[in-house]
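Please read the structure below before turning to the comments.
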Amino acid sequence: MELLPYTDDHRRFREEIRDFCEREVSPFVDLWEKDGLVPRQTWKKMGERGFLCTWAPPRYGGRGGDFLHSIVALEEMARTNHYGLDAFLHSDIVAPYIASYGSEAQKERYLPGCVSGDIILAVAMTEPGAGSDLASLSMTAVEDGGAAVLNGAKTFISNGLLCDLVVTAARDEGIEDRRGAISLYLVESGFPGFSRGKGMKKLGARSQDTAELFFSGCRVPLENRLGEKGAGYPMLMEKLQQERLLVAVLAVCKAEYALSWTTERLKGGPHGGKKHGLSPAARFALVEMETELRLGRTFVESLILSHMAKKDITGPTCMAKYWASDMANRVASSCLDLLGAEAAAESCPIARTFRDLRVFSIFAGTNEIMKVVAAKSLGI
């Protein structure tokens, strides 16, 4: 049963981006995984086809779509079975900070490039000593004339090597309130004092350019601050609802891919496997996973509807994020068990799915933090 109100335009959009992924993404994933990087040219191609920041108004070069266009793009990218071309982070996690909190001058300067793929975005929150607790950030910002001087380091930054613009969280010195001292700055890659480390080698998401970012006396013009001084923490909190919802949706999509591939393989379907005589235990396992996935999809699609209606679903979204990511990891692990020795080969696509999913219980707030937030929403 389809809960989401897809229109003919959404369906045409799905066909367009699926065709793009089949021609411009899937054939190159193995190379990108080896290189640890998705070429900038692919980002440009996505922008040229209107697949980035699909919600952006036409005056900034966008197609003026809704959140369902973002969901379609996320789902079709999940079908490519890799986590490297982090377009949903760029389009639906980072760019909305500019759209929601930026001045008109900032929007005019940056959003057209975000839509076209000329500007690749990253968000810099995580630090070597601060992760889920954003109020513990240690990176400082000191006003000096018409600039804020940033000092500190960020780590595990997705799109870290290719990024042209970074939404960066820093602590304003001289303010005792930990949460009231955080501001967000738009840091361009060419600003003096900004540098990046080498690409980080990771368990999964191997084609995603993840890196450390360094700010040493980095002067950021005050006109590049998002909103008012000290307003960064509530901005981050407000945008985390959409981020965590998207992570939950992506987890469900990747688990659906893993189960579909495994089921067809065991049945001797289009993936070229020999027909197996499925034991009752294997059939039961497949049924149990399919049941969890149907429950998960219904849950996240109901939250999508609530989010589109601009409801505060902070607690349920945290529940979805922790449950969907845990469920997806269980599904990927069970699929490997069912595939047996075949799953030990790097050529088995579910091995990549298994690796890529592991971090889902960590980023966008650890699953333990999700339970803390959900408990507060329930008054317990």
Side-chain angles (χ1 to χ4, degrees), residues 55 67 70 89-107 110-111 114 121-127 129-143 148 150 152 154 157-158 165-187 215 220-248 303 306-322 363-366 368-379:
W55 46 265
F67 191 57
S70 298
L89 171 74
H90 167 96
S91 297
D92 301 302
I93 295 177
V94 189
Y97 282 100
I98 302 173
S100 296
Y101 310 122
S103 65
E104 186 56 37
Q106 289 170 339
K107 294 176 187 178
Y110 296 120
L111 284 182
C114 298
L121 296 171
V123 59
M125 289 187 276
T126 303
E127 297 178 355
S132 295
D133 183 8
L134 295 175
S136 297
L137 297 179
S138 61
M139 182 171 167
T140 60
V142 179
E143 288 191 26
L150 274 53
K154 302 291 184 178
I157 305 305
S158 301
L165 186 69
V166 187
V167 176
T168 306
R171 177 175 301 284
D172 297 301
E173 286 196 339
I175 302 177
E176 294 185 3
D177 180 4
R178 293 195 310 160
R179 296 181 177 181
I182 295 174
S183 297
L184 300 183
Y185 297 91
L186 297 171
V187 180
F215 304 79
V220 181
L222 289 180
E223 57 263 31
N224 272 42
R225 184 166 57 204
L226 276 177
E228 298 297 323
K229 182 177 181 178
Y233 188 84
M235 292 178 184
L236 293 169
M237 291 300 100
E238 180 178 333
K239 290 304 179 187
L240 279 173
Q241 174 170 296
Q242 178 159 307
E243 178 176 354
R244 289 164 177 168
L245 176 56
L246 289 168
V247 170
L303 293 179
S306 295
H307 182 66
M308 292 178 68
K310 302 188 183 305
K311 296 180 180 179
D312 181 355
I313 50 170
T314 301
T317 297
C318 288
M319 296 176 201
K321 189 271 177 183
Y322 100 74
F363 64 15
T366 66
E368 291 74 20
I369 294 294
M370 296 301 96
K371 294 172 187 178
V372 169
V373 177
K376 289 181 180 178
S377 75
L378 295 172

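- Taken from OH in Tyr110 to CG in Asn224, the straight-line distance is 4.0 Å, to the nearest 0.5 Å.
- Distance alone, capped at 3.5 Å, is enough to place a donor-acceptor pair between the Gln106 side chain and the Arg225 backbone.
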### Task
Go through Phe67 and Leu246 one step at a time and tell me if the side-chain contact (heavy atoms from CB on, under 4.5 Å) criterion holds.
CA-CA 11 Å; Phe67 191 57; Leu246 289 168; 3.9 Å; yes
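- Nearest heavy-atom pair, Ser183 versus Ala231, reported as atom, atom and distance to 0.1 Å: OG-N, 4.5 Å.
- Judged purely by atom type and a 3.5 angstrom limit, Lys321 has no side-chain atom pairing as donor or acceptor with the backbone of Ala248.
- With contacts defined as side-chain heavy-atom distances shorter than 4.5 Å, the pair Gln242/Ser70 does not qualify.
- The CE atom of Met237 lies 7.5 Å from the CZ atom of Arg179; values are rounded to the nearest 0.5 Å.
- Interatomic distance, CD of Glu228 versus CE of Met235, reported as 8.0 Å (0.5 Å rounding).
- When all heavy atoms of Ala170 and Leu150 are compared, the closest pair comes out as CB-CG, 4.4 Å.
- Counting heavy-atom neighbours within 6.0 Å of Lys376 NZ, excluding the residue itself, gives a total of 12 or less.
- Note that the CG atom of Asp177 and the CG atom of Asp172 stand 11.5 Å from one another [nearest 0.5 Å].
- You'll find the side chain of Thr314 stays beyond 4.5 Å of the side chain of Ser377, heavy atoms only.
- Nearest heavy atom pair, residue Leu222 against residue Ala148, reads CD2-N, 3.8 Å.
- Panel note: side chain Lys154, backbone Met139; no donor-acceptor pair is recorded below 3.5 Å.
- Residues Asp312 and Gln241 meet the side-chain proximity criterion, which asks for heavy atoms closer than 4.5 Å.
- Across every non-hydrogen atom of Ala364 and Met370, the tightest pair is O-CE, 3.7 Å.
- Atoms CD and CG, from Glu243 and Leu89 in turn, are 7.5 Å apart once rounded to the nearest 0.5 Å.
- Distance check, rounded to the nearest 0.5 Å: CG of Leu184 to CG of Leu236 gives 5.0 Å.
- Within the 4.5 Å cutoff, the side chain of Val167 has heavy atoms near those of the Leu186 side chain.
- In this structure, His307 contributes its side chain and Ile313 its backbone to no donor-acceptor pair below 3.5 Å.
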### Message
Between Ser100 and Lys239, does the side-chain contact (heavy atoms from CB on, under 4.5 Å) criterion hold? Intermediate values first, please.
### Response
CA-CA 10 Å; Ser100 296; Lys239 290 304 179 187; 2.7 Å; yes
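- Nearest approach of Ala124 to Ile157, heavy atoms of both residues: CA-CD1, 3.8 Å.
- A donor-acceptor pair under 3.5 Å links the side-chain atoms of Thr168 to the main chain of Val166, judged by distance alone.
- The heavy-atom pair separating Trp55 from Ser91 by the smallest distance is NE1-O, 2.8 Å.
- Using modelled atom types, one side-chain atom of Arg171 and one backbone atom of Leu137 make a donor-acceptor pair closer than 3.5 Å.
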